[in-house]
Amino acid sequence: MAKKMSFSDKANKRAHTMTCPTCEETIQFVKYMKAVKGDKGGWKMRAQNVGVCKCNNAEIYG
Ligand SMILES: [Zn+2]
């Protein structure tokens, strides 16, 4: 009786999707390469998993 929501709950977890509370778009997780400064003054590329929705779409994709 207490597990009314279990089906959609499980489906959500399996799909690994989230909805942005601000724009209500589905957040997609993408690998994002970011340039970070190395200890010798050079630049290194670092892969990062970031969630992309309408809020930061322009920021991520330029
Ligand atoms: Zn958003």
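One-based numbering, in listed order, for ligands and for the atoms of each. Counting from 1, the numbers follow the sequence of the chain as shown.
- For residues 27-38, no pair satisfies salt bridge (Lys or Arg N to Asp or Glu O under 4.0 Å), with sequence neighbours left out.
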May I have the list of side-chain donor-acceptor pairs in residues 20-30 shorter than 3.5 Å, sequence neighbours left out?
none

Please output the side-chain donor-acceptor pairs of residues 39-62 that fall under 3.5 Å, not counting sequence neighbours, one pair per line with the distance.
unit_1, atom_1, unit_2, atom_2, d
Asn56, OD1, Cys53, N, 3.1
Asn56, ND2, Gly51, O, 3.1

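- Taking distances strictly below 2.8 Å, the protein N/O/S atoms close to the Zn ion (ligand 1) are Cys20 SG, Cys23 SG, Cys53 SG, Cys55 SG.
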